[in-house]
Amino acid sequence: MLCPNICGVASLPPLALTSATPNAWIEMVNSKDNIYTTSDEVRGYVNIEVEREIPIDRIEISFEGTSSASLSRAIAFVPGRRESFQRFLQLHQPTNEPEYPKFNTLLPGQRYKLPFTFIIPEHLMPPSCTHETRNAAIKHAHLRLPPTLGNGPTPFWNLKSTPDDSPEMCRVQYAVRVQMYGHPSAQPISELSQDIRVLPTTAQNEKTEDLSTLYMLKEQSLTSSMGRKEHGHLEISAIKPAPITLTSTGSGSTNASPTALQLHLRFDPVKNELPPRLSSLKCNLNTSTFYATVPWENYPSQADISPLQVDREVYEKNMRLSSLDLSSVKWEKLPSFSTIYADKLKDDDQSDISFGEEQIESWDQCSYTATVTVPIILPNKKDYLPTFHSCSVSRSYSLELSLGHRVSSGICGSSTNLSVPLEMVYAGKE
């Protein structure tokens, strides 16, 4: 005796046994390494096959860019999970082209091959960023295409990082999306997408700071053990290093060009104290991914992440780069004021000008300077992303330095920690 279920299936008409959903897939034709950059063509075909006749109203093919963020911070009893989603780019393939067949029904036994072509733009349209910003520079940054960041789902409880050193709490994704609509439903009867990786090139006019500007990094008073005796004042300044240029390889990873950082040290001693002995310099690369459920009004920084905020977070990763031995670095003694102007003061006819003992003593104080060059070489074949700032997600880099030194009469050494911003730009494929 047959099972009733089997009898029921056997009695159905032939059309009921075939799928009413189109079998569709996207075929990319120019994606050797699946990395696209500014002005590249995204080309391919949408292939469609059906097992039975399916009425069709329209087929929409689009290229979309989206960003999302999910935060888990909470204060007191305020719920902590918050999410944001933005579709910042949407390009549509015209379906009135001559190569597009005119049909109202998809027929079995045929393969429909619909071509598409999209061009990766350099800028977004102004409606993509309508929120308030502090200055024109950040508005311009938000209207540039961000690179693909992260992959896979975005579970808010998972904090492990992806290959590009971003948390699984934020995403920037690009995809070719296909939607097929039947009669007369407003919902698509079939929907599919193909993710692609986009790394936009960085224009030369996107430099955020003047590289010729010397700026102060750290000022510190040096004392002996337990702070009982002051030895002098140490100042460290630097010029922002040239950006690191990224190029993509055939395997999908990125290579990074070397650069260098020059530190300028100045020591002003107390009385006749000698400058500190330099021992080592440790250098780490700090990667910061800022993400928020509210738009950033300015370039994000650590100062924007307060313990009381639940709508902004930063995820940081550190990578050890190098450790330099500075024991051979020599200090250069600068001449004192009185040495330079001794003859001038001696021949000065203005005898009515008098100077105090402390002022005259300060003229005899000399200063010391030293220069340290730090090579910055990143490991190759890693997923580096260029520096970028979008409405909800940003990526920035900095060099975290630890300068080891010991005062002349000290027993134990100490260190001075400082941070230098570093920019990464993408130049295209090798």
Side-chain angles (χ1 to χ4, degrees), residues 26 28-31 33-46 58-70 83-95 97 114-133 136-154 162 164 166 169-179 188 191-203 206 248 289-297 300 385-395 425-426 428-429:
I26 297 174
M28 308 297 294
V29 299
N30 62 338
S31 57
D33 51 11
N34 199 34
I35 295 181
Y36 296 84
T37 189
T38 307
S39 301
D40 276 355
E41 284 189 349
V42 180
R43 294 193 297 112
Y45 296 90
V46 178
R58 67 189 188 277
I59 298 176
E60 295 183 357
I61 307 174
S62 61
F63 177 67
E64 299 182 355
T66 61
S67 63
S68 60
S70 176
E83 296 179 343
S84 68
F85 178 84
Q86 180 192 19
R87 181 175 285 106
F88 55 82
L89 176 65
Q90 188 172 41
L91 305 177
H92 292 278
Q93 172 69 38
T95 55
E97 302 288 339
L114 309 181
F116 60 82
T117 301
F118 300 101
I119 304 296
I120 304 292
E122 181 179 0
H123 294 280
L124 300 173
M125 298 301 290
S128 300
C129 178
T130 58
H131 63 88
E132 294 292 330
T133 54
I138 190 65
K139 173 68 74 173
H140 182 69
H142 285 186
L143 290 178
R144 289 191 59 83
L145 252 67
T148 299
L149 179 140
N151 51 20
T154 56
T162 59
D164 54 27
S166 62
M169 311 274 284
C170 58
R171 290 287 178 271
V172 176
Q173 294 174 297
Y174 293 88
V176 176
R177 187 181 182 195
V178 181
Q179 294 175 299
E191 187 172 358
L192 65 152
S193 64
Q194 173 68 52
D195 289 340
I196 68 170
R197 187 182 181 193
V198 175
L199 282 176
T201 55
T202 307
E206 292 298 314
S248 58
T289 306
F290 295 89
Y291 54 104
T293 54
V294 294
W296 295 98
E297 296 180 351
L385 292 181
T387 303
F388 76 93
H389 302 284
S390 68
C391 296
S392 59
V393 184
S394 289
R395 165 62 63 87
V425 299
Y426 181 65
K429 301 177 183 179

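The basis for the numbers below is simple: all heavy atoms, side chains too, and nothing from hydrogens, waters or symmetry mates. Since the structure is predicted, the reported quantities are computational estimates derived from the model, not experimental observations.
By the ring-ring contact (aromatic ring centres under 6.0 Å, His included) test, Tyr426 pairs with no residue at all, sequence neighbours left out. Not counting sequence neighbours, His92 has no partner by the ring-ring contact (aromatic ring centres under 6.0 Å, His included) test. For Ser62, the side-chain hydrogen bond (donor to acceptor under 3.5 Å, both in side chains) criterion is met by Glu64, not counting sequence neighbours.
Expressed to the nearest 0.5 Å, how far CZ of Arg197 lies from OG of Ser248 amounts to 7.5 Å. Taken to the nearest 0.5 Å, the CG atom of Leu91 stands 10.5 Å off from the CE atom of Met125. Distance check: Thr133 OG1 to His389 NE2 gives 13.5 Å after rounding to the nearest 0.5 Å. One finds the OG atom of Ser68 at 11.5 Å from the CZ atom of Arg87 (value rounded to the nearest 0.5 Å). Interatomic distance, CD1 of Ile120 versus CD of Glu122, reported as 12.5 Å (0.5 Å rounding).
Ring geometry, Tyr174 versus Phe63: the interplanar angle falls under 30°, so the pair is classed parallel (tilted spans 30 to 60°).
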Criterion side-chain contact (heavy atoms from CB on, under 4.5 Å) on Glu41 and Ile119, from CA distance to verdict: CA-CA 5 Å; Glu41 284 189 349; Ile119 304 296; 3.2 Å; yes
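Thr117 places no side-chain N or O within donor-acceptor distance of the main-chain N or O of Arg43, the cut-off being under 3.5 Å. Listed for the Thr289 side chain is no donor-acceptor partner under 3.5 Å among the backbone atoms of Arg395. Using a distance-only test at 3.5 Å, with no hydrogens or angles considered, no donor-acceptor pair links the side chain of Thr201 to the main chain of Gly428.
Two residues are said to be in side-chain contact when any heavy atoms from C-beta on lie closer than 4.5 Å; Pro121 and Leu89 meet this criterion. Looking only at side-chain heavy atoms (C-beta outward), Pro147 and Pro386 come within less than 4.5 Å of each other. Looking only at side-chain heavy atoms (C-beta outward), Leu385 and Thr148 stay at 4.5 Å or farther from each other. Side-chain contact between Ile59 and Val46 is absent, with no heavy atoms from C-beta onward closer than 4.5 Å. Taking the side chain as every heavy atom from C-beta outward, Arg171 and Val393 never approach each other to under 4.5 Å. Residues Gln93 and Leu114 are not in side-chain contact: their nearest non-hydrogen atoms beyond the backbone lie 4.5 Å or more apart. Inter-residue side-chain proximity for Trp296 and Ile138 is flagged as unmet; no heavy-atom pair is nearer than 4.5 Å. With contacts defined as side-chain heavy-atom distances shorter than 4.5 Å, the pair Leu145/Thr38 does not qualify.
Taking each heavy atom of Met28 and Val42 in turn, the nearest pair found is CE-CG1, 3.6 Å. Residue His131 comes nearest to Cys391 through the heavy atom pair NE2-SG, 3.5 Å, listed as atom of the first residue, atom of the second, then distance. Of all heavy-atom pairs spanning Tyr291 and Ser70, the tightest one is CE1-O, 3.9 Å. Leu143 and Ser128 get closest at one heavy-atom pair: CD2-CB, 4.5 Å. Residues Asp40 and Ile35 share a closest heavy-atom pair of OD2-O, 4.3 Å. The heavy-atom pair separating Ile61 from Phe118 by the smallest distance is O-CZ, 3.8 Å.
Checked options His140, Arg144, Lys139; the residue passing with Cys129 is Lys139 (criterion: side chain to side chain contact (heavy atoms under 4.5 Å, CB included)).
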